[in-house]
Each structure stands twice: as C-alpha cells, then as structure tokens.
Amino acid sequence: MLAVPLLAACNGPLSTLNPAGPAAQHGARLWWVMLAGSALITLLVGVMLVLAMRHRGEGGIGRAPDPARERHWIMGWGLGFSLTVLTALLTFALWTGERIITRDDGTLQVQAEAEQWGWTFTQPGPGGAPVRTEGILYVPAGRPFDVALTSQDVIHSFWVPQLGGKMDAIPGHQNVHRLSADRPGIYEGLCAEFCGLGHATMRFTVVAYDPDGPLPAFESQLADTATSPVPPAEVRAAEPDSDRLEPGEPTPEQSATDPTDPEEPRP
C-alpha cells in the first residue's frame with residue numbers, strides 16, 4: 001500500500017495505466033478494481049493481526065476459547081468477506097473479458113506474422129489493396145480492427161500496452177486480437193514472450209492515422225544495427241578454432257595421436 005503513490009510515475013508509451021483505446025481502458029479499469037479488492041483483503045488481514053496481538057498482550061494466552069467469537073472471525077470475516085470480494089472480482093473480470101472479445105461482425109482485419117526477430121504486417125492500403133510492411137502497422141484511428149496473429153518459428157506475443165492486452169502468435173495457428181486506437185498517433189509495441197537472442201529488440205510500431213485525412217506512406221521500419229541481435233560473423237568468431245578447420249586439416253586431438261608421426265628415438 002505504501003507504494004501506491006509511486007503509481008503516479010506509471011505513464012509512458014509502454015504503460016498499461018495510460019490507455020489509448022477501449023480494450024486498454026477495460027484492462028486498466030480491471031487493474032484498479034483488483035487493486036482495490038486486494039487492498040480490502042490486506043486491510044482485513046492487518047486488522048485480524050492487530051487484534052490477535054492485542055489479545056495476546058491482555059493475557060489471552062491460557063484463556064478458554066470462545067467458539068462464537070472464533071466462528072465470527074473465521075467464518076464471517078476470514079471466509080465470508082474474502083469470498084465475497086473474490087467473487088465480485090471474478091464477476092467483474094468475466095464481464096470485462098466479454099467486452100473485449102473478438103466477434104465476427106465484419107471489422108477490419110490486418111495480418112501480423114512474427115518471426116525471429118521481427119514482425120511483418122499486411123494491411124489495406126490505397127484503394128483497399130493489401131500492403132506489406134516490416135515493423136510498422138498502419139490502422140485507422142477511432143475504428144476497431146482485428147489483428148490475425150501467426151508465427152513462422154516459435155511462440156511470440158503481440159502486445160501494444162496502450163491499446164490492449166497481450167496475444168500469442170503461435171506457429172500453425174491463428175489467434176485474432178481486437179484493438180482500437182481512440183485518436184491518431186504512434187503507439188509502441190513489443191514481443192512479450194521470450195523467443196531467443198533477439199527478443200529484447202523485437203519491437204514494432206502501430207501508426208493510427210486519421211481515416212478522413214490522406215493515407216500514410218506505408219513505409220517499413222529500418223533495422224537498427226546497433227540494437228540488432230549478435231551477427232552470425234561475431235558468433236562464428238567466438239567459436240573454438242577446432243570448429244573452423246579447413247577441409248582435410250586434422251584437429252588438435254588428431255594431431256596429438258596421429259600414428260603417422262615418426263616416433264622420437266629413445267636414448
């Protein structure tokens with residue numbers, strides 16, 4: 001509870017508490033409701049702890065137990081209150097999930113294909129023709145859109161914190177994630193599932209443009225060599241010399257035991 005005031009700093013392009021779309025707003029609201037519910041249960045535990053310590057200080061040790069009092073605290077507060085709060089939280093969470101679930105209602109759909117370590121997007125461009133871009137997804141602002149997710153290699157996770165929750169991209173399977181941006185802008189996204197050496201650099205950008213204005217240029221994101229995964233040449237340079245022998249060249253072990261070497265004469 002003492003750390004709650006520090007939440008004022010939870011702002012920025014990767015903060016779930018700075019929503020910019022309906023799905024993200026539902027998620028942020030659920031977070032605050034669960035924080036309140038957990039605070040109530042924590043407060044109850046603290047009160048019971050204080051009462052137990054006070055009872056001990058007043059010579060309660062050795063005193064005959066009071067079944068009615070124990071039943072009041074254990075059944076009424078310990079179980080009854082906690083179950084009431086948890087049931088309310090579960091109900092609100094299910095209601096929230098129903099609000100953001102994907103439906104077959106003709107919503108705009110874009111494609112997102114993940115691979116180590118980048119994203120390829122296919123979205124409608126000028127005249128409705130599909131346009132493929134690398135690292136940047138272009139969507140109209142103020143309108144819902146479905147992201148059809150898949151992967152070429154391992155499991156990745158598509159996440160734009162300001163627009164909604166996470167959704168896995170799985171090889172051989174398609175997941176559909178519904179999102180929306182309230183206003184035009186640029187929103188940062190990333191892979192939220194560890195997927196290998198370049199996981200930390202597997203980021204992308206969502207550009208929400210004004211649907212009533214001119215279309216964007218649909219450019220791709222340039223690779224950043226300063227933050228890209230270790231190049232194969234560096235990995236090869238770090239390998240032992242025995243792994244980079246020329247064809248026909250013996251290994252150090254073979255040279256040490258080569259029977260063709262003349263035996264040194266003994267004195």
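Both backbone and side-chain heavy atoms feed into the values below; hydrogens, waters and symmetry mates do not.
- The CD1 atom of Ile41 sits 7.0 Å away from atom CG of Leu89, with the distance rounded to the nearest 0.5 Å.
- The main-chain N or O of Leu35 is found under 3.5 Å from a side-chain atom of Ser38 such that the two form a donor-acceptor pair.
- Nearest heavy atoms, Leu197 versus Trp117: N-CZ2, 3.4 Å.
- Considering every non-hydrogen atom in both Ala181 and Ala208, the closest pair reads CB-CB, 3.7 Å.
- For Ala93, the side-chain contact (heavy atoms from CB on, under 4.5 Å) partners at least two apart in sequence or on another chain are Leu30, Met34.
- The CZ atom of Arg203 lies 5.5 Å from the CG atom of Leu190; values are rounded to the nearest 0.5 Å.
- Gln111 contributes atom CD, which lies 9.0 Å from atom OG1 of Thr150 (distance to the nearest 0.5 angstrom).
- Rounded to the nearest 0.5 angstrom, Asp146 CG and Leu108 CG are separated by 8.0 Å.
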Yes or no on side-chain contact (heavy atoms from CB on, under 4.5 Å) for Val139 and Gln123, after CA distance, side-chain angles and deciding distance?
CA-CA 8 Å; Val139 294; Gln123 59 265 294; 5.9 Å; no
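- Legend: salt bridge (charged side-chain N to carboxylate O under 4.0 Å, His left out) pairs involving residues 75-98, not counting sequence neighbours, sorted by first then second residue: Glu98-Arg103.
- Ser82 and Leu44 make their closest contact through OG-CD2, 4.2 Å (heavy atoms, listed as atom of the first residue, atom of the second, distance).
- Here the closest non-hydrogen pair linking Ser180 and Gly142 is OG-C, 4.3 Å.
- Looking at residues two or more places apart in sequence or on another chain, you find a ring pair (Phe, Tyr, Trp, His ring centres under 6.0 Å) between Tyr138 and Phe218.
- Two different hydrophobic clusters hold Val154 and Phe194 under the rule that ILVMFWY side chains link at heavy-atom gaps under 4.5 Å.
- The backbone N or O of Gly165 sits less than 3.5 Å from a side-chain atom of His177, completing a donor-acceptor pair.
- Qualifying side-chain contact (heavy atoms from CB on, under 4.5 Å) partners for Asp182, counting only residues two or more places apart in sequence or in other chains: Pro22, Gln25.
- Residues Gln162 and Glu188 fail the side-chain proximity criterion, which asks for heavy atoms closer than 4.5 Å.
- Cluster membership for Met48 and Leu86, using ILVMFWY side-chain heavy atoms within less than 4.5 angstrom, is shared.
- No side-chain heavy atom of Pro161 sits less than 4.5 Å from a side-chain heavy atom of Asn18.
- Between atom OG1 of residue Thr96 and atom CH2 of residue Trp31 there is a gap of 15.0 Å, rounded to the nearest 0.5 Å.
- Checked against side chain to side chain donor-acceptor pair (under 3.5 Å), Asp105 has the following partners two or more places apart in sequence or in another chain: Thr107, Arg178.
- Aromatic ring orientation, Phe204 versus Phe158: parallel (interplanar angle below 30°, classes split at 30° and 60°).
- Counting all heavy atoms, side chain and backbone alike, Val131 lies closest to Pro126 at CG2-CD, 4.2 Å.
- Side-chain contact between Trp119 and His156 is present, with at least one heavy-atom pair separated by less than 4.5 Å.
- Under the 4.5 Å side-chain contact rule for hydrophobic residues, Trp159 and Ile100 do not share a cluster.
- Minimum heavy-atom separation, His199 to Ala192: CE1-C, 4.2 Å.
- Contact of the Val110 side chain with the Pro124 side chain is registered, since non-hydrogen atoms from C-beta on lie closer than 4.5 Å.
- The closest side-chain heavy-atom distance from Asp168 to Ser151 is not below 4.5 Å.
- Taken from CZ in Arg183 to CG in Asp210, the straight-line distance is 13.5 Å, to the nearest 0.5 Å.
- Considering only heavy atoms from C-beta on, Ile136 stays 4.5 Å or farther from Phe121 through its side chain.
- Residue Leu94 belongs to a hydrophobic cluster whose other members are Leu90, with links defined by side-chain heavy atoms closer than 4.5 Å.
- In summary, of the residues considered (Cys191, Pro171, Cys195), a side-chain contact (heavy atoms from CB on, under 4.5 Å) with Ile155 occurs for Pro171 alone.
- Linking Ile, Leu, Val, Met, Phe, Trp and Tyr residues whenever their side-chain heavy atoms come within less than 4.5 Å leaves Leu179 and Val176 in two separate clusters.
- Under the 4.5 Å side-chain heavy-atom criterion for ILVMFWY residues, no single connected hydrophobic cluster contains both Leu149 and Ile170.
- With hydrogens and angles disregarded, no donor-acceptor distance shorter than 3.5 Å links the side chain of Gln152 to the backbone of Glu113.
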